[in-house]
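Data first, discussion second: the structure below is written as structure tokens.
So that the names make sense, note that chain A is the first sequence line, chain B the second, and so on, each numbered from 1.
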2 protein chains.
Amino acid sequence: MTKDPYAIFSDFVARKKLKMTPQRRQILDVFLAEEGHVTSEELYQKVKRDASSIGQATVYRTLKLLADSGLAKAVEFGDGAMRYEILYGQTHHDHLICEECGVNVEVVDPAIERLQEEVARRHGFALTGHKLYLYGLCPDCQKKRAGGL
Amino acid sequence: MTKDPYAIFSDFVARKKLKMTPQRRQILDVFLAEEGHVTSEELYQKVKRDASSIGQATVYRTLKLLADSGLAKAVEFGDGAMRYEILYGQTHHDHLICEECGVNVEVVDPAIERLQEEVARRHGFALTGHKLYLYGLCPDCQKKRAGGL
DNA sequence: TTCGATGCAAAGGTTTTGCAGCGCA
DNA sequence: TGCGCTGCAAAACCTTTGCATCGAA
């Protein structure tokens with residue numbers, strides 16, 4: 001049986017000789033309830049709704065911890081800010097982003113994954129992770145553009 | 001016959017009804033002489049060596065133009081700053097990055113490229129570009145780690 | 001009791017913007 | 001000649017850090 005996210009985080013915190021605090025618990029809560037890709041700022045706003053005394057810095061610090069623990073993954077979409085998505089219980093995926101409207105589709109292709117492993121091996125690297133962003137025009141924006149801008 | 005970078009940029013500038021200036025010419029010069037992945041700051045330092053009156057802002061603005069024109073490509077390695085690499089006359093490649101020492105190998109795999117096209121098409125997207133970063137341990141760092149940290 | 005965590009505000013680093021003057025087309 | 005471009009400095013962002021205090025283990 002798989003451990004739930006809270007157990008994973010507790011274990012991680014204990015292993016690193018860190019401490020479990022109400023703030024961390026609550027940020028984790030809000031983060032898990034989230035879907036998609038949040039910035040620290042967005043998460044901070046939502047966290048503040050119930051616990052108005054939590055600080056920005058704590059959210060930044062906690063998101064880093066979550067990424068370290070393996071529960072979260074940092075992704076960059078090119079707007080200035082770092083975004084985090086849930087890793088727990090999610091199948092791995094990459095991102096297909098519309099350059100016009102910004103819509104973001106999660107995609108996965110096992111064959112690509114396999115080839116990445118192979119490319120790394122070919123160069124003697126031990127692959128630990130990857131980030132793949134595909135940019136293009138979504139069907140809607142293609143239509144709009146064809147239909148006379 | 002292929003147009004040289006200067007012609008490409010002139011054309012681009014003309015097409016967009018912009019203007020060719022000494023500053024732009026010079027930033028392009030320095031950029032083309034560069035290899036690897038420069039930040040705006042790095043380029044600014046080098047440009048200032050011969051033309052000490054060029055401003056930071058102009059370098060930022062010009063690098064964006066170069067990216068628009070297709071001569072440069074923006075890449076992010078995760079340190080805070082945006083980096084640009086030359087696209088002209090280079091074969092397309094992706095990046096294989098060592099998480100330990102930061103060494104950066106340029107790699108290419110036609111099969112992956114082809115599969116990306118297909119994934120995009122499967123979702124109705126018209127693919128215009130992509131960014132693939134592979135993270136891992138380079139051969140040297142694997143050895144060091146095996147050899148007792 | 002100890003040492004990590006927190007909140008706040010200040011500092012840091014990168015990129016953008018406002019503006020008056022300049023100069024390419 | 002007009003409008004885009006430039007340099008400068010200020011502003012705008014996102015993120016990190018210093019510090020006194022608090023609190024989990």
Reading DNA chain C from 5' onward, which residue's closest nucleotide shows up sooner: B/P22 or B/E41?
B/E41
Let me know the distance between NZ of A/K16 and C1' of D/dA25, rounded to the nearest Å.
19 Å
note: B/M82, atom CE; D/dC13, atom P; distance rounded to Å ~ 17 Å
Cut-off 3.5 Å, side chains only: do A/T128 and B/E99 have a donor facing an acceptor?
yes
Does a salt bridge link B/R145 with B/E100, judged by any charged N lying under 4.0 Å from a carboxylate O?
yes
A/Y88-A/D4 side chain donor-acceptor pair, cut-off 3.5 Å:
no
Answer yes or no: does a side-chain N or O of A/Y60 lie under 4.0 Å from OP1 or OP2 of D/dT15?
yes
Parallel, tilted or perpendicular, as decided by the 30° and 60° cut-offs, for the rings of B/F9 and B/F12:
parallel
Which sits closer to the 5' end of DNA chain C, B/A81 or A/T62, going by the nucleotide each is nearest to?
A/T62
Honestly curious: do A/L32 and A/M20 fall in one hydrophobic cluster under the side-chain, below-4.5 Å linking rule?
yes
Donor-acceptor pair, distance only, cut-off 3.5 Å: does the side chain of A/R24 make one with the backbone of A/V13?
no
Treat primed atoms plus P, OP1 and OP2 as sugar-phosphate and everything else as base, then score nucleotides 7-12 of chain D 5' to 3': B for base contact with protein heavy atoms under 4.0 Å, S for sugar-phosphate contact only, - for none.
BB----
Give me each pair satisfying ring pair (Phe, Tyr, Trp, His ring centres under 6.0 Å) with a member in residues 107-137 of chain A, each pair once, sequence neighbours excluded.
A/H92-A/H130
Would you mind reading off the distance between B/M20 atom CE and D/dT6 atom P, rounded to a whole angstrom?
11 Å
Does OP1 or OP2 of D/dC14 have a side-chain N or O of A/S40 closer than 4.0 Å?
no
Walking along DNA chain C from 5' to 3', note the first and the last nucleotide with an atom under 4.0 Å from a heavy atom of chain A, and give both.
C/dC3 to C/dC8
Figure out the NZ/P separation between B/K19 and D/dC3, and round it to whole Å.
9 Å
Whole-Å gap separating C1' (D/dA24) and NZ (A/K17)
15 Å
Go through it in stages, so that I can follow the logic: the residues are B/M82 and B/T39, the test is side chain to side chain contact (heavy atoms under 4.5 Å, CB included), and I'd like the CA-CA distance, side-chain angles, deciding distance and then a yes or no.
CA-CA 6 Å; B/M82 184 68 89; B/T39 62; over 6 Å; no
Run the side chain to side chain contact (heavy atoms under 4.5 Å, CB included) test on B/N104 and B/H37 for me, step by step, so that the C-alpha distance in whole Å, both residues' side-chain angles and the decisive distance to 0.1 Å come before the verdict.
CA-CA 10 Å; B/N104 188 306; B/H37 322 87; 4.2 Å; yes
